[in-house]
Amino acid sequence: MMDNTSVITMFTLSGLSGIQNYRIGLFVLTLLCYCVIWVVNLTIIVTIIMDKKLHEPMYIFLCNLCINGLYGTAGFYPKFLIDLLSTTHVISYAGCLLQGFVLHSSACADFSLLALMAYDRYVAICSPLLYHSVMTKQKICVFVFFAWLIPFYLLFMSTITTSTSRLCGSHIPKIYCINWLVNKLACSASIANIIIPAFNYTFYFGHCVFVAWSYAYLIKTCMTSKENRSKFMQTCVPHLFSLAVVVGSLLFDLLYVRFGSKALPQSANNFIAMEFLIVPPIINPLMYGLKLTQIRNRIQRFICSRNSVVGLKS
């Protein structure tokens, strides 16, 4: 008799069941949200790339954080928008694994980049005289390279082990694929599918502990100096806010995936599932764009120059 694994080539996503009456309105809102994500993140990215004065470690890490926001949301929004206009909500096996890889690796890269930003602020405030010798261009390139490489490698290994599982089902009760839900469809749990995710969770929990410790130390250090307090409020508060948003969003979704109640309406389930794909990609660039003086001034100068050009033409 043919094994179940040989016939499962498509997964059914049930998260969008019962939206026929308002799917056009939801499509418009989702498209608008995705456009806002692109505009705010691309504004920060282009501003940092074009202004040589912003080619400093903190802004380079921020630029990569915004790039990661676009990368992660690209793994969800195009497929979700297509599903909103379709009567069938399915995804191929390969597409499901790819989507899970993109979403997971983007979330992990967020933590890597936030850890780098915390380290940068730690060196800048606690050892300002050593800052330029520690944060050299070569080291920054290495830091950024590994901030992307490690999440990609860890999630690639996780995706490979997921792809080798024997599946006994094809129903995913969500609006997108993640590896954990695919693993739940496995006929039997493998050691690799337990150890690798556990290692990944522990590894990035360590990132959170490091960031929390570094900022706690910074707060303690900054209390002794008015200049350091000002520097902390200007550059560290956005980082803390971003960390709180990312951790809160992912923890919210993770707790729901693990312990979520079926008593919640489907619309509430969908919002919880989308929350970490909406809030951090919008809030992070807005927070940095409004709080960091150099970025805010550069954007204001650009807008004013464009308005002047338009005024002259008219």
Side-chain angles (χ1 to χ4, degrees), residues 13 15-16 26 29-41 44 62 64-81 83-84 91 96-115 117 147-148 151-152 154-155 158-159 172-183 197 200-201 203-205 207-208 211-212 238-261 264-288:
L13 303 172
L16 289 175
L26 189 57
L29 289 175
T30 303
L31 181 61
L32 178 62
C33 179
Y34 193 37
C35 290
V36 170
I37 289 172
W38 266 93
V39 169
V40 295
N41 282 279
I44 299 296
L62 172 58
N64 279 270
L65 188 68
C66 292
I67 292 172
N68 185 54
L70 295 181
Y71 161 69
T73 52
F76 167 72
Y77 281 94
K79 168 62 176 160
F80 183 63
L81 288 168
D83 284 343
L84 287 173
I91 187 170
C96 183
L97 293 177
L98 177 62
Q99 186 175 58
F101 172 81
V102 171
L103 295 180
H104 281 290
S105 60
S106 174
C108 293
D110 261 346
F111 285 109
S112 295
L113 292 167
L114 287 170
M117 295 169 84
W148 286 99
F152 277 26
L154 292 178
L155 270 301
S158 178
T159 303
I172 294 179
K174 211 168 185 180
I175 55 177
Y176 54 78
C177 284
I178 55 175
N179 291 350
W180 187 80
L181 290 176
V182 177
N183 288 334
N200 291 348
Y201 286 136
F203 183 70
Y204 285 100
F205 177 75
H207 282 56
C208 293
V211 174
H239 300 175
L240 277 173
F241 188 80
S242 293
L243 179 68
V245 168
V246 171
V247 172
S249 299
L250 289 174
L251 187 61
F252 196 46
D253 183 64
L254 182 62
L255 289 175
Y256 172 74
V257 169
R258 294 284 183 176
F259 310 109
S261 171
L264 286 174
Q266 189 60 54
S267 57
N269 293 342
N270 291 343
F271 174 76
I272 293 172
M274 292 178 64
E275 197 251 349
F276 87 95
L277 293 162
I278 297 175
V279 179
I282 293 178
I283 294 298
N284 285 345
L286 284 179
M287 181 67 185
Y288 284 104

Look up atom [atom1] in [X] and atom [atom2] in [Y], then write down how far apart they are to the nearest 0.5 Å.
X      : Y      : atom1 : atom2 : value
Met274 : Thr30  : CE    : OG1   : 5.0 Å
Asp110 : His207 : CG    : NE2   : 11.5 Å
Asn64  : Asn68  : CG    : CG    : 8.5 Å
Leu155 : Asn200 : CG    : CG    : 6.0 Å
Ile44  : Asn41  : CD1   : CG    : 8.0 Å
Leu97  : Ile178 : CG    : CD1   : 12.5 Å

Under 3.5 Å, side chain of [X] to main-chain N/O of [Y], donor-acceptor pair present?
X      : Y      : value
Ser106 : Val102 : no
Tyr77  : Cys33  : no
Ser158 : Leu154 : no
Asp83  : Ile175 : no

Minimum heavy-atom separation for [X] and [Y], please, with both atom names.
X      : Y      : value
Gly72  : Leu103 : O-CD2, 3.5 Å
Phe152 : Phe101 : O-CE1, 3.5 Å
Pro281 : Val40  : O-CG2, 4.0 Å

- Who passes disulfide bond (SG atoms under 2.5 Å apart) against Cys96, sequence neighbours left out? Cys177
- Item | Among Leu81, Leu84, Val36, Leu26, the one residue meeting side-chain contact (heavy atoms from CB on, under 4.5 Å) with Leu31 | Leu81
- Task: Quickly, which of Asn284, Val279, Ile278 forms a side-chain contact (heavy atoms from CB on, under 4.5 Å) with Ile282? Name it, please.
- Result: Ile278
For a 4.5 angstrom cut-off between non-hydrogen side-chain atoms, does [X] reach [Y]?
X      : Y      : answer
Phe111 : Val211 : no
Leu70  : Cys66  : no
Tyr34  : Pro78  : yes
Phe203 : Cys108 : no
Tyr204 : Pro151 : yes

- Task: Would you please classify the geometry between the Tyr176 ring and the Phe76 ring as parallel, tilted or perpendicular, with 30° and 60° separating the classes?
- Result: perpendicular
- In chain order, what residues pass the ring-ring contact (aromatic ring centres under 6.0 Å, His included) check against His104, with sequence neighbours excluded? none
- Message: Are more than 12 heavy atoms, taken from residues, nucleotides or ligands other than Phe205, located less than 6.0 Å from that residue's CZ atom?
- Response: no
